[in-house]
Amino acid sequence: MRAEFQRPRGTQDILPPTSQKMEQIRRIAVDTAQRFGYLLVETPVFEQTPVFMRVGESTDIVQHERYSFTDTGGVDLTLRPEGTAAIARAYVENGMFNQPQPVRLCYYGPMFRRERPQALRYRQHTQFGAELYGSVQPEADAEVILLACAVVEKVGLPDPVIRVNSIGCSKCRPRYREALIGYYQEQRSQLCPDCQTRINTNPLRLLDCKIDIAIREQAPDIKEFWCEDCSAHYSQLTELLVLSGRQVSRDPFLVRGLDYYNRTVFEIGHPSMGSQAALFGGGRYDGLATALDGPESTPAVGFGMGIERLLSVVEKNFEILPLTRVYVAHLPGFEGPSLVLAEQLRREGFPAESDLLRRSLKAQLRDAGRRSGVVVIVGGQEWEQGEVGVKWLENGVQMTVKREELSDLLRRQSE
Ligand SMILES: [Zn+2]
Ligand SMILES: [Zn+2]
């Protein structure tokens, strides 16, 4: 195939059975969220660029990682790199702050980022997330984290671990920032080039650096700077999580560098992945909706999880829900009746397919063996007498039944 016809670099075609597994995860995630009261919101996959410039994790995304374009009407648009900003925009634009609070929302869909291609980093990837609007209380943070854990558990990773931190609030964080800058200034000459810039632009992210790990060990801990409210919020949250039976530990290096993030930052991991690896994270961002012209005080907390990453961890022991498919095979000359019978069975609620290649019965049975649980055979004398053959591939049991008794038999067998 010519290069110009191939899929864009860093993207993937999601084929069966991976697509089936992804679909199953989507159902589990959305269904679990619904049980918690979080209802699905679908926003456009592109927004006006300022939505992502102002807010969201994406402010961190350097310009060249955004898929931005000007459409023929001259409007500056960007393919969404994450869900949180788009949901905040929808919350404000649809006046959801006028509804009874809290408002519980979730989303699922593709996100776009022009990343350097590497394993599991796709330029289009799928994210599920939840957002809770309208409560500043630690119970809200707890519920969101419990939902995140429930989804992880339901897709097959029991006992997720929670790492949590608080980055304080506008009252207490400035003092911490100063202390952090002071400490890192003294180490400046030993820092990596990125961190030398970060001291001035985004000091909290100094703690994030994967290179200067030794230096951060001695850095001041934000815990010592929490105001009374932040301190109470943190201890109530962790207590609620422990009381709910979850494993929680504090990670003092877990931070977000953006101004509208406050208090809770968390990551969900799993013992099987090692102690520092995270599946995904979330946090509180009480200033986010306000930055998009929302009301003055619009508290929010949420998370976003990458589905491809989650699937890569659970895939080994992930079973696709069995499709008890009926394969309608036919003797030569009975292609028509077999297609019609398959259609009748589908209308009665059975997943069913028939041969479309006019193959020999032997070839059809071989084909059926690859994907079906039961074969119905149409043709011959039995058909003339209103009967069909039925064969269960698993155990080889075979019988002949009246056509009108077929559905009952299949139904009984699948129970
Ligand atoms: Zn505070
Ligand atoms: Zn560094």
Side-chain angles (χ1 to χ4, degrees), residues 57 59-62 65 115-116 118 132 134-142 144-145 163-241 248 250-267 276-278 281-291 296-302:
E57 196 193 333
T59 336
D60 268 4
I61 303 175
V62 273
E65 284 192 347
E115 300 205 71
R116 207 162 44 80
Q118 51 179 307
L132 182 133
S135 171
V136 295
Q137 305 302 342
E139 290 82 1
D141 309 54
V144 162
I145 294 173
R163 278 189 301 280
V164 62
N165 192 19
S166 171
I167 54 168
C169 65
S170 55
K171 263 197 301 186
C172 57
R173 200 184 324 151
R175 278 203 309 127
Y176 176 65
R177 249 176 106 103
E178 260 171 57
L180 199 63
I181 293 170
Y183 169 78
Y184 272 95
Q185 283 291 8
E186 284 170 26
Q187 324 284 331
R188 185 165 208 138
S189 59
Q190 298 169 54
L191 296 174
C192 76
D194 281 348
C195 282
Q196 302 209 3
T197 321
R198 277 185 197 127
I199 294 187
N200 308 314
T201 57
N202 208 341
L204 257 67
R205 294 296 302 274
L206 289 163
L207 298 172
D208 252 358
C209 181
K210 303 283 178 281
I211 301 161
D212 302 314
I213 293 173
I215 295 170
R216 74 179 189 185
E217 294 298 331
Q218 302 302 319
D221 186 343
I222 194 165
K223 191 175 183 212
E224 312 300 327
F225 294 79
W226 289 340
C227 65
E228 221 171 285
D229 289 345
C230 285
S231 199
H233 188 96
Y234 177 83
S235 56
Q236 285 163 27
L237 166 61
T238 47
E239 192 185 320
L240 287 166
L241 294 172
V248 193
R250 177 159 179 264
D251 181 347
F253 306 122
L254 202 50
V255 289
R256 297 280 189 272
L258 299 164
D259 284 345
Y260 49 79
Y261 275 85
N262 60 318
R263 292 192 177 147
T264 310
V265 184
F266 66 91
E267 279 183 352
Q276 283 312 302
R284 176 170 278 284
Y285 17 83
D286 294 344
L288 176 88
T290 309
E296 198 47 58
S297 169
T298 318
V301 53

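Throughout, residue positions are numbered sequentially from 1 according to the sequence presented. Every heavy atom of this structure was used, including side-chain atoms; hydrogens, water molecules and symmetry mates were not. Whatever order the structure lists them in is the order used to number ligands and atoms, beginning at 1.
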State plainly whether the residues Arg250 and Asp221 are in salt-bridge range, i.e. N to O under 4.0 Å.
-> yes

N, O or S atoms of the protein lying under 2.8 Å from the Zn ion (ligand 1) | Cys169 SG, Cys172 SG, Cys227 SG, Cys230 SG

Hey, what's the angle at the Zn ion (ligand 2) spanning SG (Cys195) and SG (Cys192), nearest 10 degrees?
-> 110°

With ring centroids as reference points, do Tyr260 and Tyr285 lie under 6.0 angstrom apart?
-> no

Summary of salt bridge (Lys or Arg N to Asp or Glu O under 4.0 Å) pairs that have at least one residue in residues 177-195, sequence neighbours excluded = none

Does the cation-pi check pass for Arg173 over Phe225, that is, NZ or CZ under 6.0 Å from the six-membered ring centre and within 45° of its axis?
-> no

Quick check: does any side chain N or O of Asp212 sit under 3.5 Å from a backbone N or O of Leu191, one acting as donor and the other as acceptor?
-> no

Under 4.0 Å between a Lys/Arg side-chain N and an Asp/Glu carboxylate O for Lys171 and Asp229?
-> yes

Flag for Asn165-Asp251: side-chain donor and acceptor within less than 3.5 Å | no

Closest to the Zn ion (ligand 2), among the N/O/S atoms of Asp212, is atom OD2

